[in-house]
Structure formats: C-alpha cells, structure tokens
Amino acid sequence: MRRDDRAPKTDAPVFEGAERLQKVLAAAGVGSRRACEDLIFRRRVTVNGKVAQLGDRADPTRDVIFVDGERLQADTRLVYLALNKPRGVVSTMADEKGRTALSDFVGHRVEQRVYHVGRLDADSEGLLLLTNDGNLAHRLTHPSYGVPKTYLCEVAGPIPRNLGKRLAAGVKLEDGPVTVDSFKVVDTLGKTAQVELTLHEGRKHIVRRLLAEVGHPVSRLVRTSIGPIRLGDLRAGRTRRLTNAEVAALFKAVGD
C-alpha cells in the first residue's frame, strides 16, 4: 500500500495556488519529494499550526509551514541575501550622486528586486541583509523586536578595565540612553585596540556615537552579525544566499 493511500482525507481549504505538500517542501530545498513524504508521514511537518498528513496540499505564498519546529519559507519568489558591504559604499540601492551603491553588487545576480535591511554608514563595513520579504525586514529593523547586532571596532586606546561595566550600565546620548548586551577587548595594537560589542538597537551611527562618548572614537567599524546570521569569511563586495536554516533562524529571532 502506498503511503498516500494511508493518509486520511482532509477538509482543509484548498487555495488556487495550492500544490502537493511534498512538492512544496522539495521546491523549498528541504529534500527530495520522497524524503519530504517521509517527513510528512513522521508528523514532522505542520501547516498553519496543524500536523500535516500525506495527501495535504499547501500554498507556498499563503500557508505557514514548519518542519521540525522551524519556520520554512516556501515561497520561492522571496530572496534572502547576505552582503559584505565594503567601506565607501552607501547603504542605498541607487545613489543620485553616482556613488557606489548596493545595487552594484547585487543588481545583476538576482532577478527579483531586493531591499537592504537597515543601514551601515559609508565609512562602515560588514554584514547587510537584503530581501524582498517586507514583513521580515520590518521585524528585523523595528526596535520592539530587539534583534542583536555585533560589531568589531578599531578604537583609540588604551581601554580601561571598567569600560564593559560602564557600557552595560548605560551611556546617555543626546537622543537617549544606550546599553550594550556584551563587550570585550579582542586585541591591543599600540595606541589602538580592537573591541567587540553587541547591542540590540539601530539608531543612526549609534556605535560610533557611543564609543566616542566614552572617549574611544572609532577608526574602523565592521558589523559581524545580525541576529543569528554571521558575516563569517564572506569577502568584501560578495553576496551569498541564506540557507533555509538561516532564514528559519531569522523568523525565530523575531518571534515568528
């Protein structure tokens, strides 16, 4: 007896764009159709909060699908990219002054029109996310979701031992106080030092303003992570597509 024959009939609504669930999973990169059938059979897939059954159909543009408890973005029209923004590049898709912009690095690599999630000033480098998923982009940038971001900075030294405690306690800036989630000294290089700090807000120039306020102006700033996504060894000016696991981790970070 085939597994499809063992599945009870369901009375769930079927939308116009609905397809066999195993086909939707396979198209999203979960595995072969046979492997996806096995996941469904073993009750490891849910659709809109209900455990899926063999024979179920799903619309990848409308239905919320989880595999092993992780949100799956099954809509293949959606794009999720990581970019290592080089220094001197403005955080806009096109610049009216003719400066190098983000589209110069991604415009010819993806068919879909994508937008940057948050910003890095022109003098800063590192991780930027780009997507056409407006809902996720909003959640990643809205302060209420508190998605942490980590930065590696070269600053004027020496660094006093109590600086980490001072930053954790909060530093008052002209637009309100700011605190860091973590801080550590990575290296000392003569009169400069490399420090790493993580904070969960994204006010304009917040890291540079914060460190300047405590007497350690930044000479170089690299963002190394946004939530669960890490820059890793991605070279400056290069992009890569996020994996299914990384996209699922982003959804989890914003409570979806």
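For the single chain, residues carry numbers from 1 onward in sequence order. Below, all heavy atoms of this structure are taken into account, side chains as well, without hydrogens, waters or symmetry copies.
Leu197 is listed as a side-chain neighbour of Leu210, based on a closest heavy-atom distance under 4.5 Å. Ser91 has its side chain out of reach of Asp121: every pair of non-hydrogen atoms, C-beta onward, lies at least 4.5 Å apart. Residues Phe251 and Asp133 form a side-chain contact, since some pair of their non-hydrogen atoms from C-beta on lies under 4.5 Å apart. Put simply, the side chain of Arg33 does not reach to within 4.5 Å of the side chain of Arg20, judged on heavy atoms. Within the 4.5 Å cutoff, no side-chain heavy atoms of Ile159 are placed close to those of Thr188.
The pair Arg209-Asp175 counts as a salt bridge, with a side-chain nitrogen and a carboxylate oxygen less than 4.0 angstrom apart. Using a cut-off of 4.0 Å between Lys/Arg side-chain N and Asp/Glu carboxylate O, Arg77 and Asp75 are scored as salt-bridged. A salt bridge is defined here as a Lys NZ or Arg NE, NH1 or NH2 lying under 4.0 Å from an Asp or Glu carboxylate O, and Glu125 with Arg220 meets this definition.
In the model, Asp95 has no side-chain atom that pairs as donor or acceptor with a side-chain atom of Thr92 under 3.5 Å. Donor-acceptor pairing under 3.5 Å is recorded for the side chains of Gln73 and Tyr80.
Taking a 6.0 Å sphere around CZ of Arg238, one finds it holds 12 or fewer heavy atoms contributed by other residues, nucleotides or ligands. The environment of Asp233 atom CG is sparse: at most 12 non-hydrogen atoms of other residues, nucleotides or ligands sit within 6.0 angstrom.
Side chain of Thr198 to main chain of Ser182: no donor-acceptor pair is present (N/O by atom type, distance under 3.5 Å, no hydrogens or angles).
Closest heavy-atom contact between Cys36 and Gly31: SG-O, 3.7 Å. Contact detail for Thr131 and Ala137: the closest heavy-atom pair is CG2-CB, 4.1 Å.
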